[in-house]
Every structure is written in C-alpha cells, then in structure tokens.
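These notes are about the structure you will find just below.
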Amino acid sequence: MGRVMSESEQDRARDPYTLGETDGGEGDEDHAVFWAEAVADDIEAREPTDPIVIKGGISPSGVPHLGNINEILRGYFVAEVLRDRDHEVRQVFTTDDRDPLRKLPRKLADLDGNIVDLGDVNAGALGQNLGAPYTEIPDPFGCCDSYGDHFSNLIADSAELLGVDIDIVSTTDLYEDGAFEELTRYVLDNQEKARDVLGQYQDKVDEDYVPFNPICGECGKVTETVTAVDTATGTVEYRCTGMEAGDRVIEGCGYEGAATLREGKLPWRFEWPAGWDVLNVDFEPFGKDHAEGSWPSGVDIAENVFEIQPPVPMVYEWFTLDGEPFSSSEGHVVLVHDVLELLEPEVVRFFFSKDPSKGRDFSIERLDLLVDDFDRTERLYYGDESGTEREEALAAEAYPPSIRPTVASRFSGAFGAGAWREMANDRGARETAAEHIDNVFGDCVRIPYTFAAVLGMFDDPALRADVARTEGHLTEDTPEWAVETALGRVELASEWARRTDNEFNYELKRSGIPEMDFDDATAAALDELADFVAEGHDGETIQGEIYETAKRHDVPIGDLFSAGYRLLFDESEGPQLGPFVAKLDREFVVERFRRNR
RNA sequence: GGGCCGGUAGCUCAGUUGGCAGAGCGUCUGGCUUUUAACCAGACGGUCGGGGGUUCAAGUCCCUCCCGGCCCGCCA
C-alpha cells in the first residue's frame, strides 16, 4: 500500500472494460494472451496483502443458471493464476439474501436441479411474502431453512460440482452478526455526504432519503420510510410503507416501530461497497448490467463515503442459451447440474476461460464444437498438435486451471484425504497437481464428441471399447484410467444426442419396419445378406460380405448401406454396419433385412 | 435521445506493439485397392457491419453511420 497512483493509472483501475491493456508505457512488454493473467497483473500492481480476496455474488432469487456461474468461474481463473504466482487466494461469494423478494418467478428448481413450475409448490404462501428478505421466507420445497438458503444451496452445489472452492457468505449473516453495523452507523452518521454522492447517480435522492431500509417488525417486509435515526442507541424508527417493485407496488402494513442497525439493510448502492470493505475485496467480476450504473456509483461511494479503495473490476458479457437470453423466471435456463450430464467439468470450466468481453452463445445443439475446441486446446498444451504461437501460449495458460480439479479427482490418491477444492491454496498439493498434469495425465485420451455419440448406440460397454480400439482411439498402451476417462464421454455424448435429437441420435426401430422403397437388385442383395447373417458370422466378416453382396448384385455400395440404415434406424446414415448388426440378436436382423417385420 | 460493450467464412470463433486475412465444424472432390462412423489430401468459401480519414501499409488508429445487447427511473 501507500504507492501513489497516477491519474491515468487510477482511470484504468476504475475502468472495468480495459482488459489486457497492461502496458506500463513500454511497448515491448509482453501482452497477456489470457485475460486472467492481465487481471492478475492489475491486482498485483496494487500490492495487495494475502490472502487476496476475490468476490462474486448474486441474489438467491431463483434458479441459478449457467450465466450466473460467471460469478464463480471468472473469479476462479484469476484466483488460479494468482495462486500459481504463490499468492494465497480466498474466493468469496455473497448470496445477497437480505434482498426482498420482488416478484414471483415462474420456475423454481429443487435441490437436485430439476426445474419445477411455480404451480407445483405453495405459490400462495410465497406470494404473501413479497417484499420480505429471502432468508425470512419459508423454503417452498420445505427442505431448507428459507427460500434464500434453498437457492444458495443450489449455487454452492454448482461450485462444488465444478471443483471450485468458494466461501459462501450470507449477506443476512453479515447484518445479523454485526459485520455491517459499523458501516451502517457510519453511513447514517454521514447521511449528508452519502446523499451528496449517491444523488449524483440517482434523481430520487432528496432531503428525506435515508440510506437504510429497516425490516418491519410486524409484517417482516423491507420498508423504505425511516422517520428517525439515533445512531447513539443504534435504533431507527420507521413506518411500514409500500415498496415499488417494477410496475407494481408491494403494500406496507402501516406499522410504526423501531429497528436496530442489524434489523434492516443498506440500499444496494451502499451494500455493494460495504461488502468490499468488510470482506477486503481485491477483485470482483460483474455482469455488464452493473458496468454503467452500479459500478461508477460504487467506486464513488467507496472512495468518498467509506474512504476505501474499490476492487479491481471486470465486466463480463452475458451468455445466451441456444441464442436466447437466460431467463430464470421463464425457465429458459440450464443449470450446472444439467450441463454436467452433457460435458466433462473441465469442458465447462474451459468455456468460462474464454474472453469475458465477448457475448457468447452456449449452444446445446453445437456442444460438439465446444468439446472439439477443448480437445484441441488439450492437444496444443501437450504438444500433440501445433498451432500459432498465440494459440499455444493461450493453451499453456488456460488449460491447467481448466483441467486441474479433474486431475486432482482422477488421481485423488496422490492428494491425501479431502476434496481438491479444499487444497486450492496448498502449495504442496498444487505442485503434485502440476506434476500429474504434465506427466501421467499426458496419456489422457479423448474420443471425439460426435464419435462418442455414435458409440453410444452400443449398449454393451465392451463393444464400445472394441470399436474405439479398432478406430485407434484406444491402444494397447492406453492406461486403464484413460480408457475410463475416454469412454466416460460416451454417456455424455449420447445424452446430448438424445436431448437434441440430432443426427447421432440413432434409435433402433425394433417395434416396426420403417417405410422403404428399394429397387429389385437392392432387395435381392438384402435377402442374400439376411441369409449370410443367419449363418452366424462376426462383425468384420459381415461388413466384408456387404461389399461382396453389393458387388454381386451390381448395387452401388452406398445404396446397400443406406438400405441397411433405413431398415434399422430409418436414417440414411449410421454406425459401421457389420459390427453393429453382429451384436444385435440374429433373428431380428434376419427378419428385418428380409423386410418381414 | 445520451453513455458503454460487441459485430471477422454458411456455423462457432482466433487474430500482441498497424505489416500479405486464419482455425475448427459444415459443404464439395479425391484417397485409404472392404468400411456412408473414424482417418488423410485438396477445393469452395470473406468488400473483416457500411462509409470516410490518417499511413508506404488499417480487421487493428481516428470520425461517422447501421445492427444487437447493457446502462442512463426504481431495484438488485
């Protein structure tokens, strides 16, 4: 501390957009290829004391979807870079659970991440709690202490599923335990200053504005009308009036009473900077919605009301889901729980390692592209493929934090007891992880995602491995753990094929014969093929016979394959035919090829 | 209306201090003399959102316009 920043440095420090522009004036300085490195540079430039604190946070207002995970994973990548630079890093995540419920979401989610319609829970009970803090509202699922706790738990689970170590801090707790009390008293003692600053950003700040919202002792709702303040005794008198919520007004009960400084909340514009102070926040990423409103006022309040230094900021653009904005209330969401049925966690983390300044679509339809991108990055990292200098440099930096939790869990025996995320700051464990990544894990094998989807048609795990072997994805030398990892993708990719019903979603049409129209030669060839299958041969032999049969009947080879796929899947393409039919029950194949049923 | 972020091949995107427009996927063609998955080779594909300017040189810097998103009431 103590270093005086120049004005331009200060401007840059406050600008949440200038990612990577870390030039100190010298043109030949290395330009960071990975945004998290650039952010880490900015944080280090302030000479922070360990532990460096990285914050994120959301209101537990409803389903925490993949877009909300930015609040966890953007910070994670920066944390990992700093840890690699031998800093101790604490990643905290505030659930802003003293915020009032302002409207009822249409969709909720149970603790397993299943989306549930509002009508399936006790909506009436929820409706009566509009205006009350999330932590004062009963959990509509009845499984957690409160509505707020329910959704905070889902967020905590999401982080855990992704192997990220976060300390979840309840804002309600910060008030109730008194952590915010000193700052609350300070703001109330310096209301004029607070009003002056906030008034530059909000028109409604007038003489009567009091930067504190008590919770009504009668109805439990957050109120806005403070009638008297006595910071010496630590009490605030209020009248419970209505609260605007969008285009509606939540009615107050009219009760007049007194609250302590712990029985209410600071308005968001103060609460955010208050959190920076109380938690000693050094860095905080936030969505673009905060960039032009909350952030500038937050900086101003931090510097000129609380007289603290705001954290290093970073804006991230929002993701869309299949081209449409995420919407918790409308149920257009995907949770980490869902995504991990389709992708390995390292691929999910990798998605968040990409440039935060670019809007990005999380396209379920084209998840194969994302996985291919990850696989290539992995190959670049291990030097199995070459790319541009920049690509290789980026892989060198972005791959390790993406894969680290996976490696730690795969080789958990080397790390002693406990989950990796509890060892994030452990130097020894990090060295072990690095050593594993650069040595044993180099034998990791990836089956291309779309091919994994093809393999998914085989119920028999042994057959999946067989085919992966014949295709050269697995060899004699592939270690057992790598075989498991590689084949683990098959379940994910076939779930993807099912969910998107794409061209890899081959479904064997057992119950009825698909519509078809074959010429005589093809029909004759199919009959002969049926006879051959009936004799009982292995897959390769059948595969060869398909060629021979086609040749004998002067049928273009492609036509005969098409005919087979049509009969089995009602598709024009499919898996390698011979080995596939060899694994099906013989009678079914024979009858089907004879077009009997 | 004002401020900010983004706009590169059909799709997904990469493009440090200005220095000959890139990758993957898709498509097409060919190869692997028995594989319609896999794999290999090649091709097609772009007025870098439009227009102006600075420069020997602009995707990159400046101005302007268009499109999309966010913010500019309240709330978070």
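For the numbers below, each heavy atom of this structure counts, side chains included, while hydrogens, waters and symmetry mates do not. Letters A, B, ... mirror the listed sequences (proteins, then strands); counts begin at 1.
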**OP:** Rounded to whole angstrom, note down the C1' distance from B/U54 over to B/G7.
**Re:** 24 Å
Original post:
Roughly how far apart, to the nearest Å, are B/C65 and B/A38 at atom C1'?
Top reply: 50 Å
Subject >> Given B/C74, B/G24, B/C71, the nucleotide with the shortest approach to the side chain of A/Asp372 >> reply: B/G24
Original post:
Could you walk me through whether A/Phe319 and A/Phe351 pass the ring-ring contact (aromatic ring centres under 6.0 Å, His included) check?
Top reply: CA-CA 11 Å; A/Phe319 295 138; A/Phe351 181 68; 4.7 Å; yes
Original post:
Any donor-acceptor pair under 3.5 Å between the side chain of A/Ser294 and the base of B/A76?
Top reply: yes
Original post:
Which is true for A/Lys265 with a 4.0 Å heavy-atom rule: it touches a base, it touches only sugar-phosphate, or it touches nothing?
Top reply: sugar-phosphate
Subject >> Whole-angstrom distance between B/G49 and B/C32, as gauged at atom P >> reply: 43 Å
**OP:** Rounded to whole angstrom, note down the C1' distance from B/C61 over to B/U17.
**Re:** 12 Å
**OP:** Name the orientation class of the two ring planes belonging to A/Phe561 and A/Tyr547 (parallel below 30°, tilted from 30 to 60°, perpendicular beyond 60°).
**Re:** perpendicular
Subject >> Whole-Å gap separating C1' (B/A76) and OH (A/Tyr201) >> reply: 18 Å
Subject >> Closest to the A/Ser59 side chain, choosing from B/U35, B/C70, B/A76 >> reply: B/A76
Original post:
Does OP1 or OP2 of B/C75 have a side-chain N or O of A/Arg98 closer than 4.0 Å?
Top reply: no
**OP:** Give the rounded distance in Å between these two atoms: CD1 of A/Ile557 and P of B/U34.
**Re:** 10 Å
Original post:
Within the structure shown, what part of the strands sits under 4.0 Å from A/His290 by heavy-atom distance: base, sugar-phosphate, or nothing?
Top reply: base
Subject >> Pairing partner of B/C72 (Watson-Crick or G-U wobble, both distances under 3.5 Å) >> reply: B/G1
Subject >> Watson-Crick/G-U partner (both atom distances under 3.5 Å) of B/U33 >> reply: none
Original post:
Taking atom C1' of B/G24 as reference, at what distance in whole Å does atom CZ of A/Phe374 sit?
Top reply: 16 Å
**OP:** Write down the distance between NZ (A/Lys354) and C1' (B/A14), rounded to a whole number of angstrom.
**Re:** 8 Å
Original post:
Is a side-chain N or O of A/Asp322 found less than 3.5 angstrom from the main chain of A/Ile364, in a donor-acceptor match?
Top reply: yes
Subject >> Backbone of A/Gly359 reached by a side-chain donor or acceptor of A/Trp318 within 3.5 Å >> reply: no
Original post:
Distance between the P atoms of B/G26 and B/A37, in whole angstroms?
Top reply: 11 Å
**OP:** Look at the side chain of A/Leu369 and decide which nucleotide, out of B/U35, B/C25, B/A76, has an atom nearest to it.
**Re:** B/C25
**OP:** Apply the test side-chain contact (heavy atoms from CB on, under 4.5 Å) to residues A/Glu545 and A/Leu529: give CA-CA distance (whole Å), side-chain angles for both, the deciding distance (0.1 Å), then the verdict.
**Re:** CA-CA 7 Å; A/Glu545 184 62 18; A/Leu529 206 52; 4.1 Å; yes
**OP:** Starting from P on B/G73, measure out to CG on A/Leu198 and report it in whole angstrom.
**Re:** 12 Å
**OP:** Mind calculating the distance between CZ (A/Arg552) and P (B/U34) to the nearest angstrom?
**Re:** 15 Å
Original post:
Toward the 5' end of RNA chain B, which comes first, A/Glu317 or A/Glu389, by nearest nucleotide?
Top reply: A/Glu317
Original post:
Nearest to the side chain of A/Glu292 - B/C71, B/A76, B/A38?
Top reply: B/C71
Original post:
Is any side-chain N or O of A/Lys288 closer than 4.0 Å to OP1 or OP2 of B/G6?
Top reply: no
**OP:** Ignoring backbone atoms, establish whether A/Lys358 has a side-chain N or O less than 4.0 Å from OP1 or OP2 of B/G7.
**Re:** yes
Subject >> Same-atom distance (P) from B/G19 to B/C72, integer angstrom >> reply: 38 Å
Original post:
So, is A/Arg390 close to the B/U16 phosphate, meaning a side-chain N or O under 4.0 Å from OP1 or OP2?
Top reply: no
Original post:
Hey, does the side chain of A/Gln202 come within less than 4.0 Å of B/C72's phosphate (OP1/OP2), counting only N and O?
Top reply: no
**OP:** Scan A/Arg269 against the nucleic acid and name what it touches under 4.0 Å (heavy atoms): base, sugar-phosphate only, or nothing.
**Re:** base
Subject >> Identified pairing partner of B/A43, criterion: Watson-Crick or G-U wobble below 3.5 Å >> reply: B/U27
Original post:
Nearest-Å distance, NZ (A/Lys204) to C1' (B/C72)?
Top reply: 14 Å
Subject >> Pairwise P distance, B/C66 and B/C28 [rounded to whole Å] >> reply: 41 Å
**OP:** Check the angle between the aromatic planes of A/His332 and A/Phe326 and answer parallel, tilted or perpendicular using the 30° and 60° thresholds.
**Re:** tilted
Original post:
So, for A/Tyr449 and A/Trp496, is the gap between ring centers shorter than 6.0 Å?
Top reply: yes
Original post:
At under 4.0 Å between heavy atoms, what does A/Gly544 touch on the DNA or RNA strands: base, sugar-phosphate, or nothing?
Top reply: base
Subject >> Complementary nucleotide of B/G6, counting Watson-Crick and G-U pairs under 3.5 Å >> reply: B/C67
Original post:
Quick one: on RNA chain B, does A/Asp99 or A/Arg366 contact a more 5' nucleotide (nearest heavy atom)?
Top reply: A/Arg366
**OP:** Determine the interatomic distance between P on B/G69 and the same-named atom on B/A57; round to the nearest Å.
**Re:** 38 Å
Original post:
Parallel, tilted or perpendicular: which describes the rings of A/Tyr399 and A/Tyr382, with under 30° parallel and over 60° perpendicular?
Top reply: perpendicular
Original post:
Which part of the nucleic acid, if any, lies within contact of A/Trp272, taking any heavy atom under 4.0 Å across all strands shown: a base, the sugar-phosphate backbone alone, or nothing?
Top reply: nothing
Subject >> Length of the CZ-C1' vector between A/Phe286 and B/C5, whole Å >> reply: 13 Å
